[in-house]
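What follows is a set of notes on a single structure, which appears directly below.
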Amino acid sequence: MTKIHPTAQVSSRAKLAEDVEIGPFCIIGAEVEIREGTQVGPHTVIEGPSTLGARNLIYGQSSIGTDPQDLKYKGEASVLRLGDDNRIREFVTINRGTEVAGNETIVGSGNLLMTGVHIAHDCRVGNHNILANSATLAGHVEVADGATVGAFSGVHQFCRVGDRAFIGGYSVITRDALPFVKTVGERGEAKTYGINTIGLERIGLGSKRIKALKKAYRLLFKKDLKLSQALEELRDSSPSEEVVVLLNFIDSSERGFVR
């Protein structure tokens with residue numbers, strides 16, 4: 001049976017699966033759907049329209065599915081979609097979308113959002129990412145899969161963070177952060193520091209594939225070649241799957257990328 005603490009306020013228009021747990025002093029608004037196995041810790045506010053998937057663990061004091069912090073927002077319908085098996089620590093804030101970007105914010109599955117994380121309106125966050133304490137995503141940010149955004153780091157609006165990227169703590173990212181690459185630095189001074197070897201080894205990526213990424217990185221950024229020449233050389237070299245992802249990310253970058 002659904003367990004709702006007597007001090008919680010749950011809208012009659014909310015849809016809760018039978019084994020959802022709602023802790024003390026929570027507020028669950030109208031048009032909120034929470035699926036099986038999800039636990040909502042004390043003093044959490046969830047507003048709708050929002051859909052929270054299965055087995056999410058929300059530790060408490062969080063604000064989820066609230067209005068976007070955008071002066072252009074005038075109350076139009078917008079949604080938050082949260083996947084399964086996320087761990088959301090204390091004081092996390094996630095805003096719904098705006099009309100400019102399809103009216104939805106999307107967070108995938110298996111993510112760890114540490115204390116104080118903020119995910120702004122219209123973000124697209126994939127799966128199995130780690131956002132460390134007080135990491136902040138501005139509006140319209142895209143984070144792929146398996147990335148780490150370090151503590152107290154900020155990602156500028158409309159920027160992208162690639163697959164398995166690693167952003168070091170206290171960084172300010174104003175251009176795209178490359179997949180598989182370590183990126184660290186202050187606003188306007190962020191730099192890349194090689195391939196995220198430890199992160200790739202942890203997911204079992206073989207040494208041959210990691211070496212291919214390292215070779216591509218050296219060719220792109222360490223040799224005395226223009227970027228266009230390096231890209232052409234890599235495309236002609238029968239690149240590995242990960243190198244293709246890196247090349248496609250560079251080709252599709254609209255804001256430029258940290259080098």
Side-chain angles (χ1 to χ4, degrees), residues 1-70 73-99 101-137 139-143 145:
M1 295 179 61
T2 303
K3 297 179 181 179
I4 302 176
H5 193 275
T7 61
Q9 298 181 33
V10 179
S11 170
S12 61
R13 294 167 55 194
K15 295 173 60 178
L16 308 183
E18 289 187 358
D19 58 350
V20 165
E21 297 184 20
I22 307 296
F25 302 103
C26 291
I27 299 175
I28 310 298
E31 299 183 82
V32 171
E33 179 180 354
I34 304 178
R35 294 176 181 159
E36 64 273 8
T38 290
Q39 300 176 36
V40 182
H43 297 276
T44 294
V45 175
I46 304 177
E47 296 182 2
S50 294
T51 300
L52 282 65
R55 300 174 303 280
N56 291 295
L57 181 56
I58 303 170
Y59 279 74
Q61 295 89 25
S62 291
S63 179
I64 296 173
T66 46
D67 289 351
Q69 299 175 78
D70 187 331
Y73 179 71
K74 304 300 181 184
E76 59 271 16
S78 62
V79 301
L80 165 68
R81 305 189 195 281
L82 179 73
D84 305 328
D85 300 304
N86 295 291
R87 284 182 288 165
I88 299 176
R89 295 303 305 240
E90 300 80 1
F91 301 102
V92 168
T93 55
I94 308 175
N95 296 154
R96 301 193 316 276
T98 65
E99 195 171 30
N103 293 309
E104 61 181 6
T105 298
I106 299 173
V107 179
S109 298
N111 297 291
L112 171 58
L113 310 181
M114 296 186 188
T115 301
V117 162
H118 175 62
I119 298 177
H121 59 88
D122 304 298
C123 285
R124 303 288 189 270
V125 178
N127 305 312
H128 305 294
N129 297 291
I130 298 173
L131 274 62
N133 302 76
S134 297
T136 297
L137 306 183
H140 309 275
V141 166
E142 296 182 16
V143 181
D145 295 331

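In this text the structure is predicted, and so the values were computed from the model without any measurement.
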I need the [X] [atom1] to [Y] [atom2] distance, nearest 0.5 Å.
X      : Y      : atom1 : atom2 : value
Leu113 : Leu137 : CG    : CG    : 9.0 Å
Thr38  : Glu33  : OG1   : CD    : 10.5 Å
Lys15  : Ile34  : NZ    : CD1   : 12.0 Å
Gln39  : Thr44  : CD    : OG1   : 12.0 Å
Ile58  : Ile88  : CD1   : CD1   : 4.5 Å
Tyr59  : Arg89  : OH    : CZ    : 4.5 Å

Closest heavy-atom contact between [X] and [Y]?
X      : Y      : value
Cys26  : His43  : SG-N, 3.9 Å
Met114 : Val92  : O-CG2, 3.4 Å
Arg96  : Pro49  : CD-O, 3.4 Å
Gly139 : Ala120 : N-CB, 3.5 Å
Phe25  : Thr7   : N-OG1, 2.9 Å
Val10  : Ile4   : CG2-CG2, 3.9 Å

* Could you check Leu131 against Ile119 for side chain to side chain contact (heavy atoms under 4.5 Å, CB included), going step by step and ending with a plain yes or no? => CA-CA 10 Å; Leu131 274 62; Ile119 298 177; 4.3 Å; yes
* Could you walk me through whether Arg35 and Arg55 pass the side chain to side chain contact (heavy atoms under 4.5 Å, CB included) test, one step at a time? => CA-CA 8 Å; Arg35 294 176 181 159; Arg55 300 174 303 280; over 6 Å; no
Is the backbone N or O of [Y] less than 3.5 Å from a side-chain atom of [X], with the two atoms forming a donor-acceptor pair by type?
X      : Y      : value
Asn111 : Asn129 : yes
Asp122 : Thr98  : yes
Asn127 : Ser109 : yes
Arg87  : Asp85  : no
Ser62  : Glu90  : no
Asn56  : Asn86  : yes
Ser78  : Glu99  : no

* Tell me, with the steps shown, if Glu31 and Arg13 meet side chain to side chain contact (heavy atoms under 4.5 Å, CB included). => CA-CA 6 Å; Glu31 299 183 82; Arg13 294 167 55 194; 3.5 Å; yes
* Which pairs pass ring-ring contact (aromatic ring centres under 6.0 Å, His included) with one or both residues in residues 110-135, sequence neighbours excluded? ->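 Listed once each, the pairs are His121-His140.
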* Asked: Hey, is Glu76 close enough to Lys74 for a salt bridge, meaning N to O under 4.0 Å?
  ->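 Here Glu76 does not pair with Lys74 in a salt bridge, since their nearest N and O are not under 4.0 Å apart.
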* Distance-only polar pair, side chains of Glu47 and Thr66, donor-acceptor under 3.5 Å -> no
* Any donor-acceptor N or O pair under 3.5 Å, side chains Asn95, Gln69 ->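 Yes, side-chain donor-acceptor contact under 3.5 Å.
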* Ile64 and Val40, any side-chain heavy atoms less than 4.5 Å apart ->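 Heavy-atom side-chain distance check fails, nothing below 4.5 Å.
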